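Note that this is a predicted model, so its numbers are computed, not measured. Throughout, protein chains are lettered first and strands after them, A, B, ... in sequence-line order, and every chain is numbered starting at 1.
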There are 2 protein chains.
Amino acid sequence: MPRRPRPRPTAADAALDRLFGALADPTRRRLLARLAVGPAKVTDLASPFAMSLPAVSKHLRVLERAGLVRRTVEGRVHRLALRGRRLEAVEVWLDPFRSYWEETLTSLGRDLERRPPRPRTARR
Amino acid sequence: MPRRPRPRPTAADAALDRLFGALADPTRRRLLARLAVGPAKVTDLASPFAMSLPAVSKHLRVLERAGLVRRTVEGRVHRLALRGRRLEAVEVWLDPFRSYWEETLTSLGRDLERRPPRPRTARR
DNA sequence: CCAATAGTAAACCAAATAGTTTAATATTGT
DNA sequence: ACAATATTAAACTATTTGGTTTACTATTGG
């Protein structure tokens, strides 16, 4: 029985999948931290890591597909630069949850924090 | 040739891996959104999804191990509640990058945004 | 021209992920 | 006691991931 392939996620979902997926790896987070200092070429990015160059190359491709990194090829050297603005998407996703940890809240907000609302009890 | 197993990440890294990894799936993000409304039991959480109950059960375990969800067993029903504060860890990780997209910046900050610093050219 | 350099491509592998189905466990209502 | 309910466990599968090595391509400096 050929099982149907699981449905492709929506574009928005896929973008968030790639974004969070890219961040879910320590090597890639270190690469981002390094790139926050400034652009760099692949070999320089790879040198601190105890793994092969192709491995780092792949990580960079993942970051690129997530939109977190921009690549400009100058001759044979690929210069990678952080696209920090892409991280705003994380912030945006996070936003509706912000009330759960922010301290500067109305008493209503604080109540929500301390004990999350019971599901529709007094509701209607 | 038995290749050595790749080294376990540090505790801090593993925590972030689990956290971002948990967020890197549309089903789990939907579950979190649902839980933001209020706690719920497994069957109720599962009902909107076109997948089996054990599949959702596994997703919940992933969210739990990431610290994003708290489980309280009352008899045979497991009540899941969002642990929204855990998301603050995302915010914390994000913080050093904030200057890359925030508009309210000094001119220095805006420069950094427009074109990221070239790597140590005039440095030293 | 040629050797060295910078990087990707390809083929491979082990482990992890996301799902399935079937079975098991524990609790509840009658 | 028993049937129904709520949920996890286990065993299986396909796909993805993160790494390797080896081969390839393109650019550069002498």
Side-chain angles (χ1 to χ4, degrees), chain A residues 1-9 13-14 16-32 39-66 69-81 119, chain B residues 1-9 13-14 16-32 39-66 69-81 119:
Chain A
M1 302 294 88
R3 308 212 273 93
R4 58 170 148 66
R6 61 176 139 127
R8 241 206 281 85
D13 270 343
L16 279 177
D17 289 356
R18 282 194 297 273
L19 185 52
F20 283 121
L23 300 179
D25 179 281
T27 302
R28 287 190 295 258
R29 288 194 304 272
R30 278 181 63 194
L31 285 168
L32 290 178
K41 55 184 200 154
V42 178
T43 15
D44 288 354
L45 288 170
S47 60
F49 292 95
M51 71 181 65
S52 68
L53 190 58
V56 174
S57 180
K58 281 190 188 181
H59 281 301
L60 290 171
R61 209 156 37 81
V62 171
L63 291 171
E64 210 181 353
R65 292 209 322 142
V69 141
R70 178 183 357 93
R71 178 190 307 253
T72 56
V73 181
E74 301 161 357
R76 65 184 165 184
V77 21
H78 296 211
R79 174 162 297 269
L80 284 307
Chain B
M1 299 296 85
R3 310 213 269 94
R4 57 169 148 65
R6 60 174 139 133
R8 241 207 281 84
D13 271 342
L16 279 176
D17 289 356
R18 281 194 297 270
L19 186 53
F20 283 120
L23 299 179
D25 179 280
T27 302
R28 286 189 297 258
R29 288 194 303 273
R30 277 181 64 194
L31 285 169
L32 290 178
K41 55 183 201 155
V42 177
T43 11
D44 290 353
L45 288 170
S47 61
F49 291 94
M51 71 181 65
S52 68
L53 192 58
V56 174
S57 180
K58 280 188 190 181
H59 281 301
L60 289 171
R61 209 157 36 81
V62 171
L63 290 171
E64 211 182 352
R65 293 209 322 142
V69 142
R70 179 183 358 95
R71 179 190 307 253
T72 57
V73 181
E74 300 159 359
R76 65 185 164 181
V77 20
H78 296 210
R79 174 161 295 269
L80 284 307

Short side-chain N/O contact from [X] to OP1 or OP2 of [N], under 4.0 Å:
X: B:Ser57; N: D:dT7; value: no
X: B:Ser52; N: C:dG19; value: no
X: B:Arg28; N: C:dA18; value: yes
X: A:His78; N: C:dT8; value: yes
X: A:Thr27; N: D:dG18; value: no

How close or far is atom [atom2] of [N] from atom [atom1] of [X], stated in whole angstroms?
X: B:Glu64; N: D:dT7; atom1: CD; atom2: P; answer: 13 Å
X: A:Arg61; N: D:dT17; atom1: CZ; atom2: C1'; answer: 12 Å
X: B:Asp17; N: C:dT17; atom1: CG; atom2: C1'; answer: 14 Å
X: A:Arg71; N: C:dG7; atom1: CZ; atom2: P; answer: 9 Å
X: B:Phe20; N: C:dT17; atom1: CZ; atom2: P; answer: 16 Å
X: A:Asp25; N: D:dG18; atom1: CG; atom2: P; answer: 5 Å
X: B:Leu53; N: C:dT22; atom1: CG; atom2: C1'; answer: 14 Å
X: B:His59; N: C:dA16; atom1: NE2; atom2: C1'; answer: 14 Å

Of the candidate nucleotides C:dG19, C:dA6, C:dT8, which contains the atom at the shortest distance from the side chain of A:Val77?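 My answer, after comparing the listed nucleotides, is C:dA6.
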From C:dG19, D:dT20, C:dT8, pick the nucleotide closest to the side chain of A:Met51?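 Of all the options, the side chain of A:Met51 is nearest to D:dT20.
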State whether the side chain of B:Arg28 and the backbone N or O of B:Leu23 hold a donor-acceptor pair below 3.5 Å, judged by distance alone.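 No, B:Arg28 side chain to B:Leu23 backbone: no donor-acceptor pair under 3.5 Å.
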NE2 of B:His59 to CZ of B:Phe49, rounded to nearest 0.5 Å, is 8.0 Å
With a non-hydrogen cut-off below 4.0 angstrom, is A:Lys41 in contact with a base, only sugar-phosphate, or nothing? sugar-phosphate
Could you work out, with side-chain contact (heavy atoms from CB on, under 4.5 Å) as the rule, every residue matching [X], not counting sequence neighbours?
X: B:Ser57; result: none
X: B:Ser47; result: none
X: A:Val42; result: A:Leu53, A:Leu60, A:His78, A:Leu80

All N/O pairs under 3.5 Å across the protein-nucleotides 23-27 of chain D interface:
| from | atom 1 | to | atom 2 | distance (Å) |
| --- | --- | --- | --- | --- |
| D:dT27 | O2 | A:Arg76 | NH1 | 2.8 |

Could you pull out all residues at least two apart from A:Arg18 that satisfy salt bridge (charged side-chain N to carboxylate O under 4.0 Å, His left out)? none
With B:Asp44, which residues qualify under salt bridge (charged side-chain N to carboxylate O under 4.0 Å, His left out), at least two apart?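 B:Asp44 satisfies salt bridge (charged side-chain N to carboxylate O under 4.0 Å, His left out) with no other residue.
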